[in-house]
Amino acid sequence: MPSNKMIGTVVIGAAAFLMRNKKTREKTMSQIKSLATPEMIEKVKSQLHSITKSKSSNPSAH
């Protein structure tokens, strides 16, 4: 299983690429919007929010 550092590096690299390349960014966003319903987006946001909160409240977690 990939480490958190590796996953973070990949995510940052992908975000940097999307920020630089407008055409790719727009294509990716349109694909995401067509696949995700507003309810699903909110569900994912709330899950990410809860993960972030649990990691920040538990300093010994990796």
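No hydrogens, no waters, no symmetry mates; every other heavy atom, side chains included, goes into these values.
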Output the distance between atom [atom1] ([X]) and atom [atom2] ([Y]), rounded to the nearest 0.5 Å.
| X | Y | atom1 | atom2 | answer |
| --- | --- | --- | --- | --- |
| K23 | K27 | NZ | NZ | 8.0 Å |
| I7 | I12 | CD1 | CD1 | 12.0 Å |
| E26 | T24 | CD | OG1 | 9.5 Å |

Handout entry: Non-hydrogen atoms of R20 and R25 that approach each other most closely
Key = N-NH1, 4.4 Å

